[in-house]
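Taking it in order: structure first as structure tokens, then the write-up.
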Protein chains: 2
Amino acid sequence: MNAVNLKQLALELNLSVSTVSRALRDSWEISTPTKQRVFDLAKKMNFQPNPYASSLRKHRSRTIAVVLPEVANNFFALAIKGIETVAREKGYHVLIYLTNEEAAEEMAIASSLQSGRVDGVILSLCGSTKETRHLLELQQRNIPLVFFDRVCEELTAPKVMTNDYESGFIATEHLIKAGCRRVAHLTISMSLSISHRRQEGYVDALRRWELPCDPSLVVHCPREEEESYRMIRELFSSSFRPDGVFASVEKLAVQVYHVCRELGLRIPEDVKVISFSNLVTASLLEPSLTTIAQPAYDMGKEAATMLFRRLEKKYIVVPDDQVMLPARLEVRNSTRAV
Amino acid sequence: MNAVNLKQLALELNLSVSTVSRALRDSWEISTPTKQRVFDLAKKMNFQPNPYASSLRKHRSRTIAVVLPEVANNFFALAIKGIETVAREKGYHVLIYLTNEEAAEEMAIASSLQSGRVDGVILSLCGSTKETRHLLELQQRNIPLVFFDRVCEELTAPKVMTNDYESGFIATEHLIKAGCRRVAHLTISMSLSISHRRQEGYVDALRRWELPCDPSLVVHCPREEEESYRMIRELFSSSFRPDGVFASVEKLAVQVYHVCRELGLRIPEDVKVISFSNLVTASLLEPSLTTIAQPAYDMGKEAATMLFRRLEKKYIVVPDDQVMLPARLEVRNSTRAV
DNA sequence: ATTATTTACGAAAACGTTGTAGTAACCCAG
DNA sequence: CTGGGTTACTACAACGTTTTCGTAAATAAT
């Protein structure tokens, strides 16, 4: 692979390997003219230090892992961008792992990260994760772990979140104010704390407006597209169907649109829809979709920043500081009062 | 970090480091009972071999790099998923780098990858890349490079592409058949070969239907959103505006929709729109968007497969085999004949 | 003039793994 | 019972860096 190394430079320059190494790192122990000679030759020979030798020696890989449930989703895609931006600024490399919402894959990935391959991990839980031993083990190996959006409440770790409770409340209240009386909540796995928070916000908004909480209106959609579609279709086929829907996940809102088309339900006349979403096309949908948009890019940047703060232990860091970035309500036609 | 290593296992078992190493790799040189003892202790102590020591020794990192212009875009996001899937199957790790469409960043990344950090690279050129020295240097370091969608025609390397020429032709012809006589082509940087191919298809379709090629109808949109928006707006503000638009890039189609709203132009009555796009919401837009959809996930898988074929040189591989996966025309209302 | 300090470098040992070369111990043939 | 072959291990060097320790030579202090 990379043929040129310190030994060759040293040989060429009649210097020792240590001197060359030090010169390249601009050590004060090396005289200016020598440094210059080393720099020049290194540049000429296009010397690139072997990162693995360096990592082995220094016990630092300058690499972090980002573990996500999926990426074909604007939220996570933007988050990656935020993370990558900060990482490259800091001279770090980013390994990406997708769990595909499978707890087993998340565990396998976490386990493999115990090898010391990475200095730190940014993770967003997958919906099917039930236990957190694999994450605890990471922490026990002294690999800093930062949670991101889908945080793990049981573990002590830095977390970057959105104000899920408030957002759930606001979304539901928005539907109610627009005239809805039977508001459904579509969500994914209830083992995720963000789902809980949003659900709590939903429930409290109903209470606040003295509307009944019908458990049949809270639908936990599975990962499988078809199954999920079927459940939503069923929800809307009932004679006593909801007149408003709060979708916790973008994908579910899209399915709601499709179901409504299939069933001939008009949005917002028959059903109003609001969704957590970062769709760039929200405003171009028919009808345009009212969204709760999370600051995905900033959340990514923030998570990365928190991780690097821990990695470059410049000062004592609180082990579980949490950052909460507010989501924005973007009102559009899918919740227009009619 | 990771405290447990071969030496400790060896010490505990009264064996040499080499024996433990070989036992773990299930070598025939080690007796079955010894292997069992080693396995058991390794499991008990949760031993994870240090990947950097291994990489250093073996000159293989089992890591690849994916270099993309952006990720907040369904096409690239799906591609990553395809790549990651294949990579994890093969036991490889995936480093991700975003160029943000900046040639300078692409060069810096390529340069840093010369260090031997990765065994191979999958890359999609960024729009502003003019020269390819940085990529050539990678190849000269014997780091296999596979191009993906935005390929580099000057370099000899495996490439995974879409049938851009045909797609450009089909898209344009589709507009013409729907009644358009002044078809515009919105594209990004013309230094990309895919832009050229699509443009060629566009031109040939116009010729085939004996329509004039008005150069003012081919608009090269810059990366900056506002600037790009301004140019599209200008195009449509002209008194002799196009009655059909072929957008080479999803983002531009979205901007066309916005411009049309702003100018009060109706799609498809006043302007018909077709676009390269992998938007999941294409069918939900107002009006639903006719797209040329690339098989992004499969392209990612294919690119990764080609790369691994090269890395695991089981047999002689052609240095520049190219795979062309066809894009699909998905006809929707934005090109409805009226 | 002698000793202390600084400057500029080199030798060598790590880091944890893998591969090569070697070697005791045992088995079997002659 | 000697010699060739197998079995099951060990010793050691190597991968390319970084770092600790050491030391000649030059300079400064006494």
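Proteins get letters first, then strands, A, B, ... in listed order; numbering begins at 1 in each.
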Pairs flagged by salt bridge (charged side-chain N to carboxylate O under 4.0 Å, His left out) wherever residues 30-51 of chain B is involved - sequence neighbours left out: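 Of all non-adjacent pairs touching residues 30-51 of chain B, those that pass salt bridge (charged side-chain N to carboxylate O under 4.0 Å, His left out) are B/Asp26-B/Lys35.
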Return the value, rounded to whole Å, for the distance between atom [atom1] of [X] and atom [atom2] of [N].
X: A/Asp26; N: C/dA8; atom1: CG; atom2: P; answer: 13 Å
X: A/Ile30; N: D/dT19; atom1: CD1; atom2: P; answer: 13 Å
X: B/Lys7; N: D/dC12; atom1: NZ; atom2: P; answer: 14 Å
X: A/Arg25; N: D/dT19; atom1: CZ; atom2: P; answer: 5 Å
X: B/Arg62; N: C/dT17; atom1: CZ; atom2: P; answer: 16 Å
X: A/Arg37; N: C/dC9; atom1: CZ; atom2: C1'; answer: 12 Å

Among [options], which nucleotide has an atom closest to any side-chain atom of [X]?
X: A/Ser16; options: C/dT18, D/dC9, C/dG10; answer: C/dG10
X: A/Leu15; options: D/dT18, C/dT17, C/dC9; answer: C/dC9
X: B/Leu56; options: D/dT19, D/dA11, D/dG16; answer: D/dG16
X: A/Ser21; options: C/dC9, D/dC9, D/dT19; answer: D/dT19

Got a second to check how far [X]'s [atom1] is from [Y]'s [atom2], nearest 0.5 Å?
X: B/Lys7; Y: B/Ser21; atom1: NZ; atom2: OG; answer: 14.0 Å
X: A/Ile122; Y: A/Tyr97; atom1: CD1; atom2: OH; answer: 13.5 Å
X: B/Asp298; Y: B/Leu325; atom1: CG; atom2: CG; answer: 6.5 Å

Phosphate-side-chain proximity, B/Asn5 and C/dG16, N/O vs OP1/OP2 below 4.0 Å: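 For C/dG16, OP1/OP2 do have a side-chain N/O of B/Asn5 under 4.0 Å.
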Salt-bridge present (A/Glu84, A/Arg88; N to O < 4.0 Å):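 Answer for the salt bridge query: yes.
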Charged N-O contact under 4.0 Å between A/Arg60 and A/Glu312: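 The answer is no: the pair does not qualify as a salt bridge.
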Qualifying side chain to side chain donor-acceptor pair (under 3.5 Å) pairs, either residue in residues 66-78 of chain B, two or more places apart: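 Of all non-adjacent pairs touching residues 66-78 of chain B, those that pass side chain to side chain donor-acceptor pair (under 3.5 Å) are B/Glu70-B/Asn73.
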Report which part of the nucleic acid [X] touches: base, sugar-phosphate, or nothing (heavy-atom distance under 4.0 Å, all strands).
X: B/Thr34; result: sugar-phosphate
X: A/Ser54; result: sugar-phosphate
X: B/Ser31; result: sugar-phosphate

Nearest-nucleotide 5' precedence on DNA chain D, B/Asn14 against B/Lys58: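 Nearest-nucleotide comparison on DNA chain D picks B/Asn14.
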Dump every N/O contact between nucleotides 20-22 of chain D and the protein below 3.5 Å, one line per pair.
from: D/dT20; atom 1: O4; to: A/Arg22; atom 2: NH1; distance (Å): 3.2

Test ring pair (Phe, Tyr, Trp, His ring centres under 6.0 Å) applied to A/Tyr297 - qualifying residues, sequence neighbours left out: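 Partners of A/Tyr297 under the ring pair (Phe, Tyr, Trp, His ring centres under 6.0 Å) test: none.
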By side-chain contact (heavy atoms from CB on, under 4.5 Å) - contacts of A/Ser61 (at least two apart):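 Result, side-chain contact (heavy atoms from CB on, under 4.5 Å) vs A/Ser61: A/Ser55, A/Thr63, A/Asp119, B/Tyr52.
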Five-pair end axes of the helix from C/dA1-D/dT30 to C/dC26-D/dG5, angle between them (10°):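 What I find for the helix from C/dA1-D/dT30 to C/dC26-D/dG5 is an axis angle of 70°.
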